[in-house]
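First listed ligand is number 1; within each ligand, the first listed atom is number 1. For this chain, numbers begin at 1 and follow the sequence in order.
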Amino acid sequence: MACFECMKAKLEKYGQQHLLRYYDELTEDQKAALLAQIDDTDFSVVRVGKSDEVRGVITPIPCTELDEINARRDEYEAAGLEEIRAGKVGAVLLAGGMGTRLGSDGPKGVYNIGVTRDLYIFECLFRNLMDVTDKAGNPIHLFIMTSDKNHDATVSFLNEKNYFGYDGSFVHFFRQEMAPAADYNGKVYLEDKFRLSTSPNGNGGWYSSMAKGGMLDIVRKSGIEWLNVFAVDNVLQRIADPVFIGATKLANCVVGAKVIKKAAPDERVGVICLEDGHPSVVEYYELTDEMMNAKTEDGKPAYNFGVILNYLFRVPELSAIVDAKMPLHVVEKKIPCLDADGNLFKPEKPNGYKYETLILDMIHLLDSCLVFEVERKREFAPIKNPTGIDSVESARELLRLNGVEL
Ligand code: UTP
């Protein structure tokens, strides 16, 4: 058991002694749980206010656009299918997020978007994956990242649904790490007298969490050379798309990023570019007016392609950056916490910060990226909100357009 004096000293170092406020009231088990959590927690992430990373010189990056892809589609697809059939491709589903904007209690993937029948978000993803594995003639390994907050519910749901017909022996779960959540003065909240408030640490740590969760043994043993990483909430997501895999391989790139043409200069998608000559993504909230209005020599918007959280990484290069330092994003959040009387309080408005690293920052750590355009109507139906933009409503419309019965 972590020793009380050592944990007290650790908290003092980070100005977090208040976390022991209720210590004397706790049972022995609760004391042990609190000390263990303090021992496990990295308090160095906690900071006050937004981070002020200085960006390098931003310039446009060339994009492989739809016309070019369509002209070489058969060649790309054949090359991608060859990789899949050789067992060299795995997929990683990022499902550790909290989905707070959607506001449903369970994991996002168990959300039912059907109208006249049940149709779960996870089901859409498994079906999309099976379009490819049926064509290839073999399943691929699918690694699913969960967090402490949704792991059990995710695993039991998918078991109960029998992976929607996918071969369960090819599905593996791993948990991402949690990070402490703090008030506006950088004081970590308690969500119980013996438990710190925590939040999943963002989607940027997926590869190191795969390593910690023992997933890389499977990657190594089965000879996987490419990992296609994708978000849980895009129900039109194409997974292990052979055309994308073949194009990235034939371009000799170590990363591929699926992108869409932006609908408007201020659309809320991360924009792909070069930063100091390396591929990079600038988040929508960091976009300057200059970037939004910049034009190429032939008068087109210079930064016109947004990422859709579907990336293809080459495994050897990933292993080289697994311990690289990533920028920390400080995000305002509603954090359940104890009130002055020690009772649980669920705020209606943001009351502090969570700390995250993001997968899009991994792109900048790598040397070459194929920017691969996809048709937004066919591949981009994100579900972030119940209604309005990027919502259950808009995704339903797009699913119908693609012939999916609801
Ligand atoms: P979002 O940025 O949309 O975050 O995640 P979210 O937590 O799901 O939703 P909000 O912001 O609370 O409404 C994009 C993708 O990254 C995954 C999500 O599950 C989703 O697939 N993600 C996000 C993680 O796996 N872990 C995280 O810590 C955060």
Side-chain angles (χ1 to χ4, degrees), residues 42 45 91-111 120-122 124-125 128 142-151 153-155 157-158 173-181 197-210 212-213 215 227-237 239 257-258 268-270 281 283-286 306-311 326-336 346-347 349-350 352-363 380-392 394-395:
D42 176 7
V45 298
V92 182
L93 164 53
L94 302 177
M98 299 279 277
T100 34
R101 282 170 285 174
L102 186 59
S104 91
D105 277 346
K108 228 185 209 184
V110 313
Y111 192 89
Y120 304 96
I121 291 181
F122 276 137
C124 296
L125 299 177
N128 296 349
L142 173 66
F143 303 93
I144 302 183
M145 183 164 89
T146 61
S147 81
D148 287 354
K149 306 262 179 198
N150 67 15
H151 182 84
T154 303
V155 175
F157 176 80
L158 286 175
F173 297 91
F174 66 102
R175 288 181 206 232
Q176 68 174 103
E177 277 98 288
M178 306 297 284
S197 299
T198 57
S199 184
N201 67 346
N203 56 28
W206 67 273
Y207 193 67
S208 64
S209 300
M210 270 185 85
K212 288 193 187 105
M215 299 295 120
L227 287 171
N228 177 211
V229 190
F230 61 97
V232 70
D233 48 26
N234 174 7
V235 283
L236 288 180
Q237 190 86 261
I239 302 158
K258 284 200 167 187
R268 293 173 146 231
V269 286
V281 179
E283 265 289 37
Y284 66 87
Y285 50 79
E286 293 174 343
V307 286
I308 59 167
L309 221 175
N310 188 318
Y311 301 104
M326 306 251 300
L328 200 67
H329 295 254
V330 181
V331 187
E332 274 194 88
K333 196 193 162 203
K334 296 178 214 164
I335 305 162
K346 290 193 174 171
K349 290 190 309 211
Y353 297 121
K354 64 175 175 176
Y355 305 93
E356 298 187 326
T357 58
L358 299 181
I359 186 170
L360 51 82
D361 289 318
M362 289 173 85
I363 305 301
F380 191 51
I383 299 179
K384 302 286 183 192
N385 308 296
T387 54
I389 295 171
D390 295 344
S391 67
V392 177
S394 60

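The nearest protein atom to atom 26 (N) of ligand 1, hydrogens excluded, is given as Gln176 OE1, 2.7 Å; this is a heavy-atom distance. At the top of the distance list for atom 12 (O) of ligand 1, counting protein heavy atoms only, stands Thr100 OG1, 2.4 Å. Among protein heavy atoms, the minimum distance from atom 21 (O) of ligand 1 is reached at Leu94 O, 2.7 Å. With respect to atom 24 (C) of ligand 1, the closest heavy atom belonging to the protein is Gly97 N, 3.2 Å. For atom 6 (P) of ligand 1, the closest non-hydrogen atom on the protein side is Gly99 N, 3.6 Å. When only non-hydrogen protein atoms are considered, atom 3 (O) of ligand 1 lies nearest to Lys384 NZ, 2.7 Å.
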Full working for side chain to side chain contact (heavy atoms under 4.5 Å, CB included) between Leu102 and Asn385 = CA-CA 5 Å; Leu102 186 59; Asn385 308 296; over 6 Å; no
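For ligand 1, none of its N or O atoms has an N or O atom of Lys354 under 3.5 Å away. In terms of polar-atom proximity, defined here as any N/O pair under 3.5 Å, Met145 makes no such contact with ligand 1. For ligand 1, the polar-atom distance check against Phe230 finds no nitrogen or oxygen pair separated by under 3.5 Å. Among the atoms of Gly202, some N or O lies under 3.5 angstrom from an N or O of ligand 1. Taking only nitrogen or oxygen atoms, main chain and side chain alike, Leu309 does not reach within less than 3.5 Å of ligand 1.
Residues Glu332 and Pro350 share a closest heavy-atom pair of OE1-CB, 4.0 Å.
Atom 13 (O) of ligand 1 has its nearest heavy-atom neighbour, among Glu177, Arg101, Lys108, Glu356, in Arg101.
No side-chain donor from either of Glu356 and Asn201 sits under 3.5 Å from a side-chain acceptor of the other. The closest side-chain donor-acceptor pair between Gln176 and Thr146, if any, does not fall under 3.5 angstrom. Between the side chains of Asn234 and Asn310, no donor-acceptor pair of N or O atoms lies under 3.5 Å.
With sequence neighbours excluded, no residue satisfies ring pair (Phe, Tyr, Trp, His ring centres under 6.0 Å) with Tyr355. Under the salt bridge (Lys or Arg N to Asp or Glu O under 4.0 Å) criterion, Lys333 pairs with no residue, sequence neighbours left out.
The backbone of Ala95, and not its side chain, has at least one atom closer than 4.0 Å to an atom of ligand 1 (non-hydrogen atoms only; backbone = N, CA, C, O).
Phe122 has its ring centre no less than 6.0 Å from the ring centre of Tyr111.
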